[in-house]
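Written below as structure tokens is the structure these notes are about.
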Amino acid sequence: QLQASGGGLVQPGGSLRLSCEVSGRTFSSYAMAWFLETPGKEREFVMGINRAGISTRYADSVKGRFTISRDNAKNTVYLQMNSLKPEDTAVYYCAAGQRPGVGISRADYDYWGQGTLVTVSS
């Protein structure tokens, strides 16, 4: 089970940290990622991190603003979101995948959390 939290309403330029706790699985065996979804659009990759927490990948739209990290002792992956923009408004989903490396496709991930809403608005 993947439990995402941390979403909410924030003003442009503000920050949020999303968390995703994994239970019932061996967390360190999974690459983890965050995707976002907006109405009428397909779910898209935001950032991902490999099993060891050494390698990351990101979408160009979040470069320099978002950071992904994981704590394998706490079975939790984080998405630190800084300098938020209105276009970052979306439901954010965490995902876990058993494939090696860091995939950027939905098909690379096997398990999904329930989503947490991030709204960036003044």
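- Considering every non-hydrogen atom in both A4 and T116, the closest pair reads CB-CG2, 4.3 Å.
- Note on W34 and V102: separate hydrophobic clusters, where clusters join Ile, Leu, Val, Met, Phe, Trp and Tyr whose side-chain heavy atoms are under 4.5 Å apart, directly or indirectly.
- For the atom pair R65 CZ and K85 NZ, the distance stands at 4.5 Å (nearest 0.5 Å).
- The shortest side-chain heavy-atom distance between F35 and I104 does not fall under the 4.5 Å cut-off.
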Enumerate donor-acceptor pairs with a distance under 3.5 Å from any side-chain N or O in residues 43-52 to protein atoms, sequence neighbours excluded.
residue: R43; atom: NE; partner: E37; partner atom: OE1; Å: 2.7
residue: R43; atom: NH2; partner: E37; partner atom: OE1; Å: 3.1
residue: N50; atom: OD1; partner: G53; partner atom: N; Å: 3.0
residue: N50; atom: OD1; partner: I54; partner atom: N; Å: 2.8
residue: N50; atom: OD1; partner: S55; partner atom: N; Å: 3.0
residue: R51; atom: NE; partner: S29; partner atom: O; Å: 3.2
residue: R51; atom: NH2; partner: Q98; partner atom: O; Å: 2.5

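- With hydrogens and angles disregarded, a donor-acceptor distance shorter than 3.5 Å links the side chain of Y109 to the backbone of G103.
- The CG atom of L79 lies 11.5 Å from the CE atom of M32; values are rounded to the nearest 0.5 Å.
- Taking the six-membered ring where tryptophan is involved, the planes of Y92 and F66 are tilted, since the angle between them lies from 30° to 60°.
- Counting only heavy atoms from C-beta outward, the side chains of Y93 and L2 never approach each other to under 4.5 Å.
- Cluster membership check: M81 does not share its hydrophobic cluster with V91, using side-chain heavy-atom separations under 4.5 Å among Ile, Leu, Val, Met, Phe, Trp and Tyr.
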Only distances under 3.5 Å count here; give the side-chain donor-acceptor pairs of residues 9-24 to other protein atoms, sequence neighbours excluded, each with its distance to 0.1 Å.
residue: S15; atom: OG; partner: N82; partner atom: OD1; Å: 2.9

Taking it one step at a time, do D110 and R99 satisfy side-chain contact (heavy atoms from CB on, under 4.5 Å)? CA-CA 9 Å; D110 307 295; R99 293 169 177 79; 3.5 Å; yes

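- Here the CG atom belonging to L36 is positioned 10.0 Å from the OG1 atom belonging to T89, to the nearest 0.5 angstrom.
- Side-chain contact check for Q114 versus Q3: some heavy-atom pair is nearer than 4.5 Å.
- Within the 4.5 Å cutoff, the side chain of E87 has no heavy atoms near those of the T38 side chain.
- Taken to the nearest 0.5 Å, the CG atom of N75 stands 8.0 Å off from the OG atom of S28.
- In the hydrophobic clustering of ILVMFWY residues, with side-chain heavy atoms under 4.5 Å counting as a link, Y78 and I68 come out apart.
- Considering every non-hydrogen atom in both F27 and N72, the closest pair reads CE2-OD1, 3.1 Å.
- With sequence neighbours excluded, no residue forms a ring-ring contact (aromatic ring centres under 6.0 Å, His included) with Y58.
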